[in-house]
Amino acid sequence: MGETVVEESEELATPGDVLGRAAEVKPGRGAYLASHNNLVYASLTGRVRTVAPPPGSPDKRPTVEVIGHKAHGAVPEPGSVVIARVTKVLSRMASADILCVGPKSVREKFTGIIRQQDVRATEIDKVDMHSSFLPGDIVRAIVLSLGDARAYYLSTAKNELGVVSAESTAGMAMEQHGTGYCNSCPVSQGKSTSNRDKKPSSVPLPMEYTVAPSIKTMPMIVSLKTCKD
Amino acid sequence: MEYVSPEGLRIDGRRPMEMRKLQAEIGVVAKADGSAVFEMGNTKVIAAVYGPREVQNRSQQLSDQALVRCEYSMANFSTGDRMRKPKGDRRSTEISLVIRQTMEACILTQLMPRSQIDIYVQVLQADGGTRSACINAATLALADAGIPMRDFVTSCSAGYLNSTPLLDLNYVEDSAGGPDVTVGILPKLDKVTLLQMDAKLPLDIFENVMQLAVEGCKAIADYIREVLSENTKQLEYRRGL
């Protein structure tokens with residue numbers, strides 16, 4: 001597939017600068033269309049960038065964008081893969097704090113909910129939430145939608161999603177066996193019947209995980225080294 | 001009292017159509033998303049913008065656009081005599097409302113639903129035209145924060161003393177009791193977002209005075225554009241582009 005041609009000009013635009021006519025260019029990020037005179041204006045301060053239209057599209061107008069210099073924190077969008085830490089497990093859903101969106105960590109707190117029917121793809125009515133998640137687990141999930149006022153809706157119903165890292169009741173990192181986590185922790189030994197049966201297939205993780213040895217009284221100590229933007 | 005001498009000079013030596021010296025600086029408050037200091041002569045104002053961020057009061061959340069909040073306050077030491085109640089009095093509440101409505105008209109709020117943008121402006125030195133200086137500082141701070149806007153909002157005041165339209169009144173001229181017209185415009189789009197006047201003026205003279213203020217606004221807009229371009233070039237230079 002051909003690469004879209006991107007052209008960055010030497011022009012600096014400030015809010016209110018005219019970038020073109022609506023008939024010739026399409027407004028992208030950092031630009032907007034004023035409907036009363038059909039002109040495209042800049043809405044941010046930065047360099048002007050023109051992106052050629054994708055080769056198969058009916059609209060032949062290039063997109064004009066203004067690249068600002070302020071980096072805003074990551075915000076979860078429907079369809080994006082997020083890393084979250086489970087905070088609460090109830091009978092029909094689990095609540096999680098979203099830590100990263102893709103490779104970027106978030107600057108503000110976002111809450112997500114994993115409902116019983118979104119935990120896995122098969123036998124969704126037979127899911128036991130307490131054997132799938134424990135507070136403190138790190139999960140990789142996909143954002144289904146913006147959800148309600150309180151939380152995003154997340155789903156782990158795919159092969160590469162699910163619990164990525166967990167601690168056993170003795171506080172040691174659990175090892176993955178087969179299709180689920182078994183409580184094969186060197187300290188407590190023995191398999192517990194409640195397996196966290198969500199294990200992502202081997203997909204290279206975007207971040208490094210380090211599990212610090214925990215004290216039994218502390219609920220959760222897993223530090224993530226993430227690429228902060 | 002004579003505010004315009006027979007030679008045509010004002011009390012501070014300016015000509016009637018001359019504005020005070022402008023000076024602006026961006027990025028002065030490190031913690032804020034955007035900030036600016038704006039000076040018009042002796043009037044000095046600092047603005048800090050936080051946002052877009054999550055709405056703190058859920059009941060005020062708007063589902064289709066961003067909530068813009070503004071707070072105007074004067075520092076205790078900003079006027080000649082130390083102020084006792086810098087904010088919460090009627091004048092501050094009114095100016096906060098005015099600045100909020102003016103800035104809300106230019107921010108593209110539909111791009112950031114369910115979020116909140118906070119604008120805090122504080123007057124450090126008051127010498128007339130604080131309302132205008134606050135609006136100009138808020139514009140710079142919003143542009144620094146990278147919040148999408150339709151255009152800048154620039155504001156300037158003008159008055160009419162000794163039968164002469166005067167641009168950019170200072171405190172002494174403002175307290176003279178003559179009319180004081182404050183105009184806020186979107187310079188490139190040529191639209192008025194703020195128009196206030198106290199005292200009375202006949203209509204034809206009002207048109208002249210308002211036109212003078214609008215030209216002052218356009219001059220401020222050129223200056224603001226220059227400051228922002230310079231700032232962007234500095235940032236790119238520091239990033240090694």
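In what follows, every chain begins at residue 1, and chains take the letters A, B, ... in the order their sequences are listed. When reading the values below, keep in mind they use all heavy atoms of this one structure, side chains included, and skip hydrogens, waters and symmetry mates.
- Atoms CD and OG, on A:E11 and B:S229 in that order, are 11.5 Å from each other to the nearest 0.5 Å.
- By the neighbour-count criterion of 12 heavy atoms within 6.0 Å, atom CZ of A:R29 is sparsely surrounded, having that number or fewer from other residues, nucleotides or ligands.
- In terms of heavy-atom proximity, A:K109 sits nearest to B:E54 at O-OE1, 3.9 Å.
- With values rounded to the nearest 0.5 angstrom, A:L44 atom CG is found 8.5 Å from B:L108 atom CG.
- Taking NE2 of A:H36 as the reference point, atom CG of B:L189 lies at 6.0 Å (rounded to 0.5 Å).
- Enclosure of atom NZ in B:K31 is not indicated, since only 12 or fewer non-hydrogen atoms of other residues, nucleotides or ligands lie within 6.0 angstrom.
- Pairing each heavy atom of A:E108 with each of B:P52, the nearest pair is OE2-O, 4.3 Å.
- Atom-to-atom distance recorded for B:L142:CG and A:T45:OG1 is 10.5 Å, nearest 0.5 angstrom.
- Note: B:Q234 CD to A:H69 NE2 = 12.0 Å, rounded to the nearest 0.5 Å.
- Put simply, of B:I107, B:D144, B:L235, B:I147, the one with the most heavy-atom pairs under 4.5 Å next to chain A is B:D144.
- At most 12 non-hydrogen atoms from other residues, nucleotides or ligands lie less than 6.0 angstrom from NZ of B:K44.
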(request) Could you check B:T232 against A:R47 for side chain to side chain contact (heavy atoms under 4.5 Å, CB included), going step by step and ending with a plain yes or no? (result) CA-CA 9 Å; B:T232 305; A:R47 294 270 169 214; 5.8 Å; no
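- Contact of A:A31 with chain B is not made at all, since no heavy-atom distance falls under 4.5 Å.
- Heavy atoms closer than 4.5 Å to chain A are found in the side chain of B:R58, but not in its backbone.
- Without hydrogens or angle criteria, A:Y41 side chain to B:R150 main chain gives no donor-acceptor distance under 3.5 Å.
- For B:Q61, the CD atom is densely surrounded, since the number of other residues' heavy atoms within 6.0 Å is greater than 12.
- Of the two parts of B:A145, only the backbone, made up of N, CA, C and O, holds a non-hydrogen atom closer than 4.5 Å to a non-hydrogen atom of chain A.
- In this structure, B:E236 CD and A:L12 CG are separated by 6.0 Å, a value rounded to the nearest 0.5 Å.
- Neither the backbone nor the side chain of A:N37 comes within less than 4.5 Å of any heavy atom of chain B.
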